[in-house]
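Encoded as structure tokens, the structure appears first; notes follow it.
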Protein chains: 2
Amino acid sequence: MADLARVAGVSKITISRALSDSPLVNRETRERLQALAQKLGYKLNVSARNLRLRRSHTVAVIVEMKPSHDRTMLDPYPLILLGGISQELTAHGYSVLLTTRQGATAAAVQAADGLILLGQGSRQDAVRRFDKLGLPMVVWGAPGEGDEHVVVGSDNRQGGSVVADHFIALGRRNPVFVGNPNHPEIFDRLNGFVDALAAHGVKPLLIRRDEFTLASGMDAMYSLTERKVPFDAVFACSDLLAMGAIRALNKLGRGVPGDVSVVGYDDMPLAATALPPLSSVRQDWQEGGTLLARKVLAMIGDKTVNSEVLPVELIVRET
Amino acid sequence: MADLARVAGVSKITISRALSDSPLVNRETRERLQALAQKLGYKLNVSARNLRLRRSHTVAVIVEMKPSHDRTMLDPYPLILLGGISQELTAHGYSVLLTTRQGATAAAVQAADGLILLGQGSRQDAVRRFDKLGLPMVVWGAPGEGDEHVVVGSDNRQGGSVVADHFIALGRRNPVFVGNPNHPEIFDRLNGFVDALAAHGVKPLLIRRDEFTLASGMDAMYSLTERKVPFDAVFACSDLLAMGAIRALNKLGRGVPGDVSVVGYDDMPLAATALPPLSSVRQDWQEGGTLLARKVLAMIGDKTVNSEVLPVELIVRET
DNA sequence: ATTGCGGATGATATCGATAACAAATGGAAG
DNA sequence: CTTCCATTTGTTATCGATATCATCCGCAAT
């Protein structure tokens with residue numbers, strides 16, 4: 001910048017002002033200096049600016065990356081979420097610092113202006129740990145009762161209730177819920193499901209499955225049949241579970257959707273082309289990312305920010 | 001740091017040295033100062049250090065995020081790659097700056113110490129554009145003939161040839177290749193496939209499909225049948241294509257693997273539990289990420305670095 | 001007693017940008 | 001002709017860390 005100043009015959013500060021579009025400098029000189037900077041290939045030194053401004057213009061995104069823990073790494077949605085976040089943040093001049101939980105103690109994370117937590121699953125401990133940093137923080141997931149932090153997530157209660165209504169409309173009276181309600185998100189789906197069914201005097205059966213795999217969905221159906229539990233509808237917490245359920249039901253001689261209705265969750269691309277095409281609940285991940293980013297930015301700007309839930313949509317296909 | 005110095009009764013520089021484990025300060029004082037820093041909750045100011053050291057300790061990862069362009073956003077592999085990268089970089093005190101191609105003009109990217117390009121697909125223009133920044137750069141993909149930059153990728157030629165050998169061993173003489181050879185990666189798979197087959201006097205048929213969907217795989221089979229082309233083996237460039245092919249073949253009354261052998265690519269989780277369990281070529285994404293990271297770090301450390309291909313593995317299941 | 005040396009610590013300048021305050025210029029108002 | 005204000009530009013200090021070059025101390029060798 002000093003070099004630029006010398007070449008242009010002005011002082012450093014004028015360069016600084018010109019390049020940041022300050023109205024303090026004459027329009028003509030401003031444009032002249034900007035053109036000059038362009039021509040000489042001048043690059044702003046981000047560290048220097050950040051040091052002076054005492055901000056890093058960076059938001060750390062902490063992702064659960066252990067494939068073993070949850071299903072997080074195994075489907076593409078976190079990446080779409082990241083896409084939404086990244087787009088919104090860079091549009092506002094902020095950078096995305098990506099970290100895993102392990103790496104999150106690094107100095108760079110503490111230097112961030114804000115924090116976004118993704119896929120921390122059921123572990124509230126992680127949330128609290130990062131809360132201690134005292135940074136603006138937004139979490140993706142299901143809002144808990146007593147938590148003070150800002151949460152953005154899709155409306156899992158609604159996800160449960162639309163499926164319930166769907167089943168009721170189809171005349172189903174013995175629905176089953178397949179999933180692991182230890183995840184707050186899935187707990188909410190279950191609750192929405194149960195409550196909406198209760199309004200029609202129907203009480204569903206819960207069958208816990210920890211894994212989100214096809215095999216696990218098959219297994220759930222076998223186990224139900226073995227226990228001679230009557231059921232005519234299955235709400236599975238992932239499309240893979242649902243597809244497993246359908247496959248098992250076919251093996252057991254029960255038709256889908258003739259004998260049993262099945263609905264999955266996430267509406268992954270495969271769902272539309274599965275056989276038969278799977279009905280599923282769709283969440284808008286991209287929008288979720290955008291919203292997460294907007295909330296942190298607002299918090300960084302000292303605005304008051306509230307948690308928010310995004311509506312979901314039931315895609316009715318043939319199951 | 002100045003505060004720390006005052007409290008400890010030493011000078012700033014001693015604090016600095018103590019906290020960076022410099023042997024210049026007495027062991028006892030060093031430990032005392034480190035404990036003190038810990039107790040007072042001192043946080044290093046990264047911007048200041050970066051400014052002074054003229055390094056950012058940051059590697060920018062540029063990901064193609066447009067779901068429309070390629071399939072990148074639609075499967076989880078880029079995320080696993082990111083996981084490997086992130087782990088390796090943070091282990092060496094570097095941070096991961098995540099950007100899309102659009103956001104890559106931001107100042108923060110130019111401030112990075114190195115660059116990793118992911119999923120830029122067939123567009124070499126992007127590579128060249130970032131090359132101009134003059135930063136250490138490593139690209140994920142297939143090494144081209146005349147390119148000067150460092151490329152890490154899995155061995156797509158080998159991917160093609162192992163499948164060819166597999167088909168030959170099964171006695172297949174009329175194999176088909178399904179995919180879009182405009183992608184350099186897929187072009188290599190095709191070449192490996194063709195060359196390995198040629199060694200046995202077999203010439204495969206190429207059927208171009210741009211999409212990586214189930215529907216596209218089905219369509220390919222219908223089109224082949226319509227054109228009355230004889231074939232007894234299908235090598236599809238993705239598991240979804242392969243699964244579509246299998247479904248279409250079943251509809252057409254041709255058994256898999258009885259009449260036609262089918263092999264997919266990527267070995268996604270679904271492949272193992274598909275019906276019938278799908279044979280597929282597996283790439284080690286995590287390892288790829290680690291390697292990408294190691295290469296940039298080496299380049300940043302002014303070491304000479306070469307491109308590298310990772311071996312792939314054919315998982316033989318029932319198709 | 002003086003010199004030399006190694007180990008430990010400190011003073012100062014510096015990285016590149018911007019905020020706060022100062023100053024120069026030109027024109028309008030009295 | 002002076003005063004005042006607005007517009008535009010410049011001077012200096014500062015953000016928090018570290019490299020470079022002193023300095024200080026104690027002890028051994030001359």
Side-chain angles (χ1 to χ4, degrees), chain A residues 1-38 40-58 93-95 106-113 135 300, chain B residues 1-38 40-58 93-95 106-113 135 300:
Chain A
M1 204 171 241
D3 296 347
L4 263 186
R6 206 172 310 117
V7 174
V10 296
S11 70
K12 285 194 302 174
I13 188 67
T14 305
I15 300 283
S16 171
R17 290 202 260 244
L19 295 185
S20 56
D21 270 330
S22 159
L24 280 177
V25 331
N26 187 325
R27 177 127 55 96
E28 284 169 35
T29 40
R30 198 193 318 166
E31 281 163 4
R32 181 172 63 93
L33 296 179
Q34 287 177 357
L36 185 70
Q38 177 78 33
L40 299 188
Y42 163 80
K43 304 268 158 60
L44 178 77
N45 181 317
V46 188
S47 299
R49 185 193 41 152
N50 289 345
L51 172 58
R52 183 68 241 240
L53 297 180
R54 302 151 145 277
R55 286 185 302 168
S56 64
H57 282 278
T58 290
Y94 275 73
S95 317
V109 171
Q110 304 168 334
D113 292 337
L135 292 173
I300 291 172
Chain B
M1 207 172 240
D3 297 348
L4 264 186
R6 207 171 311 117
V7 174
V10 296
S11 71
K12 285 195 302 176
I13 187 67
T14 305
I15 300 283
S16 171
R17 291 202 259 245
L19 295 184
S20 56
D21 270 330
S22 160
L24 280 177
V25 328
N26 186 322
R27 178 126 56 98
E28 284 169 37
T29 40
R30 199 193 315 166
E31 281 163 4
R32 182 171 63 95
L33 296 180
Q34 287 178 355
L36 185 70
Q38 177 78 31
L40 298 188
Y42 165 79
K43 303 272 158 56
L44 178 78
N45 182 318
V46 188
S47 300
R49 184 192 41 148
N50 289 346
L51 172 58
R52 183 67 240 240
L53 297 180
R54 300 151 147 277
R55 284 186 302 170
S56 64
H57 283 276
T58 290
Y94 275 74
S95 319
V109 172
Q110 304 167 333
D113 293 337
L135 292 174
I300 291 172

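The structure displayed is predicted, hence computed values, not measured ones. Letters go in sequence order (proteins before strands), and every chain restarts at 1.
Not one N or O on the side chain of A/Ser22 forms a donor-acceptor pair closer than 3.5 Å with the backbone of A/Ala18.
At least one side-chain nitrogen or oxygen of B/Thr14 sits closer than 4.0 Å to the OP1 or OP2 atom of C/dG10.
The stretch residues 21-38 of chain B has no heavy atom under 4.0 Å from DNA chain D, so no residue of it qualifies as close.
For the pair A/Arg6 CZ and C/dG16 P, the computed distance is 12 Å after rounding to whole Å.
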B/Leu19 vs B/Leu44, side-chain contact (heavy atoms from CB on, under 4.5 Å): CA-CA, chis, key distance, verdict: CA-CA 9 Å; B/Leu19 295 184; B/Leu44 178 78; over 6 Å; no
Audit row: B/Ser56, B/Asp113, side chain to side chain donor-acceptor pair (under 3.5 Å) steps and yes/no: CA-CA 6 Å; B/Ser56 64; B/Asp113 293 337; 3.3 Å; yes
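Within the 4.5 Å cutoff, the side chain of B/Leu4 has no heavy atoms near those of the B/Leu33 side chain. B/Thr29 has its side chain out of reach of B/Val10: every pair of non-hydrogen atoms, C-beta onward, lies at least 4.5 Å apart. Side-chain atoms of B/His57 and B/Arg49, non-hydrogen and from C-beta on, do get closer than 4.5 Å to each other.
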Per-nucleotide protein contact string for nucleotides 17-27 of chain C, where B marks a base within reach and S marks sugar-phosphate only (heavy atoms under 4.0 Å, - for neither): BBB--------
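At a threshold of 4.0 angstrom between heavy atoms, the contacts of B/Val46 with the nucleic acid are absent.
When all heavy atoms are compared, the tightest approach of A/Ala112 to A/Leu135 is O-CD2, 3.3 Å.
Distance check: A/Thr14 OG1 to A/Asn26 CG gives 11.0 Å after rounding to the nearest 0.5 Å.
Each of C/dG10, C/dG16, D/dG10 was ranked by its minimum atom distance to the side chain of B/Leu51; first place goes to C/dG16.
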